[in-house]
Amino acid sequence: MSAATAPAAVADPPAPRIRGVGAITGWGEGVQALPDAPPPRGERRGLVTAPTPVLGGDRFRRATRECLLAVAAAKAAVADAGLAEADVAGSRTGILYVSATGYAAANRAFLEDESSTTLHFPYTSPSAVPGEVTIELGIRGPYVNVMGGAPATFQAIWWAARWLAEGRADRVLVLAVEALHEIRDLFDRARRLYRGPLVEGAACLLLEAGAGGGLRWASALGGSTASPSAVATVLGRVLNGDRPGLVWSGSTGGGREGAETRILTGRGAPAPAPRLGEALALGPLLALARIERGHAPGPWLLTATWRSEYAALLWAR
Amino acid sequence: MSVRLAPRVAPVAITGAGVVAAIGADLDAFWAGLVTGVSGISEIEGFPVGDLRVTRGGEVKKLPRDVPAPPPGGRGQSRRVTYCRTSRFLVHAAREALAAAALRDVLPPAERIAVVVGTALGGIDEASRALGTRGPLRGVTGSAYDGPTRNLARWLGARGPAMTVTTACASGATSVGLGADLVRTDQADVVLAGGGDALCRFVQRGFNVLRSLTRDDVRPFDRRRSGLLLGEGAGLVVLERVDAVRRRGHQPLGYLLGHASTADGAHITAPDPEGRGLELAVRTALAEAGLQPDEVDLVSAHGTGTAANDRVETEVLKRVLGRRAHAIPVNSIKAHLGHTMGAAATLEAIMCLFASRHGQVPPTLNYAEPDRDCDLDYVPNTARSWRPRVSLSTSLGFGGCNAALVLAAGDA
């Protein structure tokens with residue numbers, strides 16, 4: 001056991017470096033498989049179903065689809081970073097897992113089948129998903145799971161950047177998984193709350209400390225929905241006088257989108273990058289992976305809503 | 001604070017606390033039950049258990065059906081928004097925590113208030129009602145993991161960050177640690193942080209099939225220990241910057257000095273046999289606090305009463321604390337409350353702060369036969385007069401989750 005590190009609190013940490021990306025969606029594996037534009041209008045009510053990865057090893061015979069997606073995405077991110085899996089084992093690698101639905105299929109199966117056995121119950125815990133990743137890769141560093149949509153992913157990225165800046169870890173995996181196929185009927189009942197096809201799958205960014213600009217995160221709850229005042233508060237805080245070079249907006253819905261557009265247009269920000277569908281917590285990671293590979297000018301502004309929450313992340317390069 | 005500190009991060013003041021548990025739905029009853037050795041374990045009445053192998057747990061029997069009146073700016077239950085059992089635990093605990101922090105009528109602007117809730121189950125009880133029905137949409141949204149967090153924020157009128165943390169049964173420690181980070185980094189002036197979970201058939205059946213539940217009493221660290229019993233409830237603390245609390249002249253209940261949450265990378269349901277992840281969490285939390293292991297005066301152990309957990313925790317404490325491990329009290333309150341899952345670590349942190357305030361350490365109940373592998377001072381069966389200045393609280397959970405909190409007394 002190495003001596004514990006000596007963390008020191010950092011408020012707005014430096015933006016990390018994206019060293020590796022793993023992405024598995026219904027469009028295929030990797031960032032390059034993502035389409036360049038949203039699907040045609042007629043396809044916007046569908047579900048882009050992700051394939052179930054096939055992983056060798058007896059250990060995975062009990063694992064759920066969301067666990068397999070998580071492990072495959074994490075392994076892909078490590079490989080994409082040019083690292084061996086042994087390089088990320090141990091206490092100097094952290095992991096932050098985020099999901100809005102990554103437990104729901106297992107929970108549903110256990111709820112609806114009273115004959116479920118000891119093989120099923122452990123996988124109803126959301127922590128089973130990153131747990132399988134830590135076991136597969138031997139990760140024993142900082143570890144937190146946050147639940148929610150895209151705003152929760154901003155939280156995870158912000159904490160990852162702080163862990164790196166404070167020296168708690170040398171690298172951090174930020175991992176998101178959404179498994180929607182098994183619970184699609186529930187989302188169909190909430191259809192009016194989101195726009196575009198549902199996108200499921202897994203994405204993982206392998207982050208290391210960056211020497212670039214800062215990372216700012218802000219989040220605010222509205223009333224019953226995210227309010228224009230929440231949008232103004234959040235954008236005022238993260239932009240702090242900066243003009244974004246690229247905008248990705250995961251926001252849906254008229255009022256907040258209108259407020260966001262007004263504020264960003266007033267700041268001379270470019271139009272938002274194409275949004276491929278409703279990918280929940282997966283969305284920001286897929287967007288960042290694309291943006292990073294596209295060498296887009298910074299700073300990058302990502303915004304998103306989840307229920308009544310509006311959140312934004314400014315990533316300065 | 002007179003404790004010799006060289007903290008790596010600023011201590012955060014814990015200015016109030018609130019609890020709901022099987023032994024009492026307020027701090028006075030909770031503390032009295034802990035020190036007098038009251039067990040909240042009983043036959044479960046809230047849902048059908050007749051077909052299950054184990055039918056007992058730490059069920060909260062008396063909780064008002066109505067949601068308490070919210071503070072100014074907050075919103076209570078309405079026709080459109082119902083509060084699930086976990087949400088009701090949380091808002092009852094929040095009401096008490098705000099009163100204890102003397103904040104109820106002097107809360108900062110809504111956007112400067114944040115909530116961080118740890119939960120092992122989220123809204124799963126709501127999910128069991130929402131599935132297979134064509135009922136109202138709120139049944140679906142309420143069953144999300146962050147449903148109780150949203151309800152707490154709504155009741156409180158909070159407009160700042162709202163986080164839902166799930167590191168399984170370590171969630172209530174991770175949430176307090178992340179809540180303190182929100183204060184330190186000026187994301188919020190006041191953070192309500194903690195955890196809550198409700199007993200339901202889903203989890204009772206799940207632990208039944210795992211054979212983790214005991215038909216005997218819960219006996220943490222005892223040679224005859226044979227498993228855990230589940231419980232339910234909520235624990236919340238109010239976190240603020242130390243200078244802000246001084247300015248308003250409030251005496252904090254205590255301070256959070258350090259926190260770490262780490263991974264085992266070993267097994268989905270069992271702790272790493274060597275406890276490497278837990279050891280790193282404890283060492284990192286102590287480093288963050290700027291304390292040496294010999295400055296710890298009390299350990300609140302996870303102490304589930306399962307064979308593996310209690311052995312691993314004991315080994316880790318001996319490695320980290322050295323000889324000090326045998327000289328200080330190490331207790332577990334899970335025989336009083338049952339394992340309250342997402343609430344457990346926060347309730348245990350509150351216990352540590354009350355031990356400092358009252359100069360008494362609650363006992364580990366049902367302890368009679370020493371185990372060769374568990375050879376520390378577990379405060380068996382009777383409370384002890386002892387006023388810890390610095391406490392360490394350890395937690396573990398499914399998915400290889402570990403967490404540690406280092407806490408100091410309010411007048412330390």
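Labels below follow one simple rule: chain letters A, B, ... track the order of the sequence lines, proteins then strands, and each chain is numbered from 1.
- Contact annotation for B:Ala158: only backbone heavy atoms (N, CA, C, O) come within less than 4.5 Å of a heavy atom of chain A.
- Proximity to chain A involves both the backbone and the side chain of B:Ala162, based on heavy atoms less than 4.5 angstrom apart.
- Between A:Arg307 and B:Asp146, at least one side-chain nitrogen of the basic residue sits less than 4.0 Å from a carboxylate oxygen of the acidic one, meeting the salt-bridge criterion.
- Classified by interplanar angle (parallel below 30°, tilted 30° to 60°, perpendicular above 60°), the ring pair A:Phe110/A:Phe121 is tilted.
- In terms of non-hydrogen atom pairs under 4.5 Å with chain A, the most contact-rich of B:Val116, B:Thr149, B:Leu182, B:Asn208 is B:Leu182.
- For A:Glu200, the salt bridge (Lys or Arg N to Asp or Glu O under 4.0 Å) partners two or more places apart in sequence, or in a different chain, are A:Arg65.
- The ring of A:Tyr103 has its center no closer than 6.0 angstrom to the ring center of B:Phe398.
- Using a 4.5 Å cut-off between heavy atoms, B:Thr174 touches chain A through its side chain atoms alone.
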Stepwise side-chain contact (heavy atoms from CB on, under 4.5 Å) test for B:Gln292 and B:Leu286: CA-CA 7 Å; B:Gln292 297 299 316; B:Leu286 285 169; over 6 Å; no
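- Interface remark: B:Asp51 contributes side-chain atoms only to the contact with chain A (heavy atom separation under 4.5 Å).
- If you measure heavy-atom distances from B:Arg150 to chain A, the contacts under 4.5 Å come from the side chain alone.
- Only the side chain of A:Tyr123 comes within contact range of chain B, with heavy atoms under 4.5 Å apart.
- Checked for salt-bridge contact, B:Arg276 and B:Asp264 miss the test: no charged N lies under 4.0 Å from a carboxylate O.
- At a threshold of 4.0 Å, the pair A:Arg162-B:Asp181 counts as salt-bridged, since one of the basic side-chain nitrogens sits closer than that to a carboxylate oxygen.
- Listed options A:Ile95, A:Thr134, A:Leu137, A:Val234 were ranked by heavy-atom pairs under 4.5 angstrom with chain B; first place goes to A:Thr134.
- B:Ser261 touches chain A through backbone and side chain together, each having a heavy atom under 4.5 Å away.
- Per-residue heavy-atom pair counts under 4.5 Å with chain A were compared for B:Gly400, B:Ala263, B:Gly399, and the maximum is reached by B:Ala263.
- Of the two parts of A:Pro142, the backbone and the side chain both hold a non-hydrogen atom closer than 4.5 Å to a non-hydrogen atom of chain B.
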Take B:Glu288 and A:Arg168 through the salt bridge (Lys or Arg N to Asp or Glu O under 4.0 Å) test and state the conclusion after the steps. CA-CA 10 Å; B:Glu288 187 170 289; A:Arg168 292 170 188 264; 2.3 Å; yes
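- With a 4.5 Å cut-off on non-hydrogen atoms, B:Val282 does not touch chain A at all.
- Heavy-atom distances place no part of A:Glu136 under 4.5 Å from chain B, backbone and side chain included.
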Test salt bridge (Lys or Arg N to Asp or Glu O under 4.0 Å) applied to B:Asp186 and B:Arg112, step by step: CA-CA 9 Å; B:Asp186 198 34; B:Arg112 298 294 299 165; 2.7 Å; yes
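- Both the backbone and the side chain of B:Leu178 have a heavy atom closer than 4.5 Å to some heavy atom of chain A.
- With chain B as partner, the option from A:Val98, A:Thr233, A:Thr124 having the largest number of non-hydrogen pairs under 4.5 angstrom is A:Thr124.
- One finds no salt bridge joining A:Arg108 and A:Glu182 here, because no Lys/Arg side-chain nitrogen approaches an Asp/Glu carboxylate oxygen to under 4.0 Å.
- Using a 4.5 Å cut-off between heavy atoms, A:Trp159 contacts chain B through its side chain alone, with no backbone atom that close.
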Worked verdict on B:Gln204 versus B:Val54 for side-chain contact (heavy atoms from CB on, under 4.5 Å): CA-CA 8 Å; B:Gln204 185 74 12; B:Val54 176; 4.3 Å; yes
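- For A:Arg237, there are no salt bridge (Lys or Arg N to Asp or Glu O under 4.0 Å) partners at least two apart in sequence or on another chain.
- Ranked by non-hydrogen atom pairs under 4.5 Å with chain A, the options B:Ala168, B:Gly160, B:Gly397 are led by B:Gly160.
- Contact count against chain A (heavy-atom pairs under 4.5 Å) is highest for B:Thr262 among B:Asn402, B:Thr262, B:Asp272, B:Thr119.
- Counting heavy-atom pairs closer than 4.5 Å to chain B, the top-ranked of the candidates A:Ala152, A:Gly141, A:Gly94, A:Gly131 is A:Gly141.
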